[in-house]
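So the structure is just underneath, and the comments pick up after that.
Positions are given from 1 along the sequence.
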Amino acid sequence: MPELSVVLYGRNVQGHLPETLAELVGTGLAGTGLAGTGLAGATGPAPAAGAPTVEVIVAAVGPSAQDAASRHPSVTVVPLPDGTPDSAARAAGAARASGRWLQFVRSKDGVTALAARGAAERAAALPDTVDVLLTDHTVSTWRHARTPSADGGFLAKPGRRDVPVADCPDLLKVRPLLGTRIVRADFWRARADLFDADDELFVAYAVPLVAERVAAYDQVALEERRLRPESLPPVTPDDRFALLETYERLLDLAAGREAGTGPSAVLYAAMVTASLRIVARAKLPEPAAREFFHRASRAAVAHRPPGYRRPGGFEGVRRRLLEEDAYAKYRAFQVANKQRRTVRSAIGAGRAAVGRKVRDARYHQDLRRPVDPDLAVFSAYWDRGVACNPAAIAAKLAELAPHIHPVWVTAAENVPLLPPGTDHVVPGTRRYWRTLATAKYLVNNANFPNAVVKRPEAVHVQTHHGTPLKRMGLDQLDYPAAAKGLNFHDLLARVDRWDYSVSSNSHSTQMWQRAYQSRYEELDHGYPRNDVYYSATAADVRAVRERLGIAPGKRALLYAPTHRDYEATWTPRLDLAALSERLGEDTVLLVRGHYFYGGAASPLTGPRRAGRVIDVSSYDPVEDLALAADGLITDYSSIMFDYANLDRPIVVYADDWETYAKTRGVYFDLLAEPPGQVARTQEELTRLLTSPAWRDETAAKARAAFRRRFCEFDDGRAAERVVRRVFLGESETSLPPITPLDERTPAPTPEEATATPEEATA
């Protein structure tokens, strides 16, 4: 019996159903399918023994939805005529479901195989006394994809415990989406009389409200796709009155449960908030607005829970006026409040302008101070902390020129992550501007703010943070998606401050000269951050793998995709659950999302609890991850150029190469000059990684050519060359020469690092 039945119901709204099905069960066109995902009806290898399975049912309304669902043989299609209401579609889908748990997902919304698998695993672990599993979700609009919800804090409160909702009423604050309520099938059928309603808001609240016990799962199990309001039927005044009636029904239901005032208080607050929002923002005709206010006032008084206290401040005033049915006073208060906000905004803008003037005046005073020849400022990745090429230069500086004092620019939220004893300044502070004004050396792998003035005595070092495959700087002019929001005049003004530009190969040197046209000296010394790939020992490799929890003998593959300019948030382009299952228990996937998406909800759910998928998106430094990995899977990330120094297998997963190249622009055809094998579909990638092909002679030849071109200056002494040239003033001819590629010895592979003495000498 499947553990979970995902019931997709309703019409194929704006063509979203095919996309949902492709994410959930795969598509033959993409070369992926259900194999190994734990989805019932899958072809290929069966899920591991005891692994929960998922079945997919489409209660399809209309021929468009039925046609989309019929393309997937593993999906059960329940054809329904046009005009079938949502409640009937859900009921028809539930009647065909054989899973112990049900998840109802509107056809416009999304759910992935990875999410379904994780939810099924969590549900399978629950006792029979639990009726409902509440889950997290993301939100997508036409403008932004997969934005995290605000529900994480509510879902975290009960932890792994299951509770009556009365004991944790904040669970009712989880956004009322039916798709985030995974319900026990027996419970759903037993309360069909209550849940058989087209009002999804009512059902979404009622499900946990009448459950005996609920559990929480703080992972994403649903993508809510919000359609543009302009594409939907207009909301009528009757719809507003119906919403009020829904809340009143729910409050009556909560009162009848005799489960304390907690649930009623949450629902009451939701009703009042929704009512006031409608009055303030819905633009109802004046008679309808006045009548709605009157009815909302009556509901607010009639359903106010015992002991309920209004909040303070302006919100408390609004609620008091609502309870008093003082519509005219409420409108007057609304006008006055708007005027107050306008005044406060003007005052705030004025204070900010004054603050900027004071800052500028102090900064220009500091610019008249003497430059400190022993002060160096470092920054990496827009003030994230100690990282990348600046970190490697600072470490070598401490060894070769300890008299120079380093200060790191670090955003306030990253200060706790700094190594102990790191001197730092927070952007915008008084000391920050004074330090920038008086430092002799400024080292960055991005750029300092536009307001920074280049003093004649100061030395600016641009280290960059990757080898350019994608178009950069001025070369982005013809690529609007890449250049969005980029002011090229400001960019060139920042470039004009550079004294030195660090490069790891001739390709980079040429591209920097063309993309960042100015008078700076090229330092063809290699990337300092890559020195570790030649200095790390077997003990270092073993230590990193132990920290990451990679057992001896396991194959570790680092999956590091890059940022897409045409995507708002990171979504793995691989079905990681399916890939992990196909690769088997002896392979660990280290998954690192791009740092641009640091605030995004992690899409890694189920498989990471089995230890076969490890989310290393927040792990620093990334060089540790490369040392720990037996091979690299990437798409177009510059990590491939760095990883090639290790002379270990690289597999390029290029499922959208044409789109990426067209929207971002590239300097060379990666598919013609790859660092190893190339896969265009997940099935191709799986075949490569489950055979010797990923590291065969063909892959080795491609990697050798790639290393000759792009590891040209990286030999383990790049940081030393930069420090001697920039900070100690040595001439180019006196610097350590670059070791030829054939004479370099990369760090030991994990296999070599964990070999016994007998194996090492065999």
Side-chain angles (χ1 to χ4, degrees), residues 6 16 19-20 23-24 103 105-106 108-119 121-122 133-160 168 170-182 204 208 214-228 266 270 273 381-382 384 411-414 416-417 559-577 591-609 613-620:
V6 178
H16 280 296
E19 180 181 355
T20 302
E23 292 176 335
L24 183 55
Q103 182 184 17
V105 178
R106 293 170 66 90
K108 73 173 180 63
D109 293 331
V111 57
T112 66
L114 188 63
R117 174 70 176 277
E121 287 182 348
R122 177 73 173 97
L133 177 65
L134 294 171
T135 74
D136 205 350
H137 71 288
T138 58
V139 178
S140 293
T141 66
W142 66 272
R143 187 176 306 199
H144 301 295
R146 293 181 170 90
T147 303
S149 80
D151 292 341
F154 306 132
L155 292 165
K157 286 194 173 184
R160 301 287 290 184
C168 193
D170 276 359
L171 288 174
L172 287 175
K173 295 179 181 179
V174 172
R175 181 169 167 77
L177 299 169
L178 186 55
T180 63
R181 277 79 167 142
I182 295 177
V214 298
Y217 177 54
D218 62 354
Q219 301 293 329
V220 172
L222 180 79
E223 176 194 1
E224 180 196 8
R225 298 190 184 113
R226 295 182 186 172
L227 307 179
R228 289 190 70 222
V266 172
T273 299
Y381 297 118
W382 299 273
R384 281 173 59 202
E413 64 270 19
N414 294 327
L417 304 178
Y559 171 47
T562 193
H563 161 68
R564 266 84 168 157
D565 295 286
Y566 53 88
E567 290 184 348
T569 59
W570 175 53
T571 302
R573 309 187 72 83
L574 294 173
D575 182 338
L576 296 171
V591 182
R592 186 174 181 83
H594 194 275
Y595 57 85
F596 277 12
Y597 303 137
S602 173
L604 309 178
T605 52
R608 68 179 172 194
R609 288 191 300 280
V613 175
I614 303 175
D615 185 354
V616 292
S617 299
S618 299
Y619 185 99
D620 283 319

Partners passing salt bridge (charged side-chain N to carboxylate O under 4.0 Å, His left out) against Asp218 (at least two apart in sequence or in another chain)
none
Which residues share a salt bridge (charged side-chain N to carboxylate O under 4.0 Å, His left out) with Arg106, sequence neighbours left out
Asp86, Glu200
Pick one: which of Arg160, Arg117, Gln219 meets side chain to side chain contact (heavy atoms under 4.5 Å, CB included) with Arg122?
Arg160
Can you name the side-chain hydrogen bond (donor to acceptor under 3.5 Å, both in side chains) partners of [X], sequence neighbours left out?
X	result
Glu223	Ser140, Arg146
Thr141	none
Asp620	Arg592

Apply side-chain contact (heavy atoms from CB on, under 4.5 Å) to residues Leu576 and Tyr559 and explain how you reach the verdict.
CA-CA 10 Å; Leu576 296 171; Tyr559 171 47; 4.0 Å; yes
Ignoring hydrogens and angles, tell me if any N or O in the side chain of Asn414 forms a donor-acceptor pair with the backbone of Arg384 under 3.5 Å.
yes
Contacts of Glu224 that satisfy side chain to side chain contact (heavy atoms under 4.5 Å, CB included) - sequence neighbours left out
Lys108, Asp109, His137, Val139, Arg175, Leu177, Arg226
Does Thr135 have any side chain to side chain contact (heavy atoms under 4.5 Å, CB included) partners at least two apart in sequence or in another chain, and if so, which?
Leu133, Thr180, Ile182, Tyr217, Ala221
Interatomic distance, [X] atom [atom1] to [Y] atom [atom2] [nearest 0.5 angstrom]:
X	Y	atom1	atom2	result
Phe154	Leu134	CZ	CG	12.0 Å
Glu23	His16	CD	NE2	10.5 Å
Leu222	Asp136	CG	CG	10.0 Å

Measure across Pro158 and Ala216 and return the closest heavy-atom pair with its distance rounded to 0.1 Å.
CG-CB, 3.7 Å
Provide the closest heavy-atom pair for Gly152 versus Ser149 in the form atom of the first, atom of the second, distance.
N-OG, 4.4 Å
Are the side chains of Arg573 and Arg564 in contact, using a 4.5 Å heavy-atom criterion?
yes
Heavy-atom side-chain contact between Pro208 and Leu171 under 4.5 Å
no
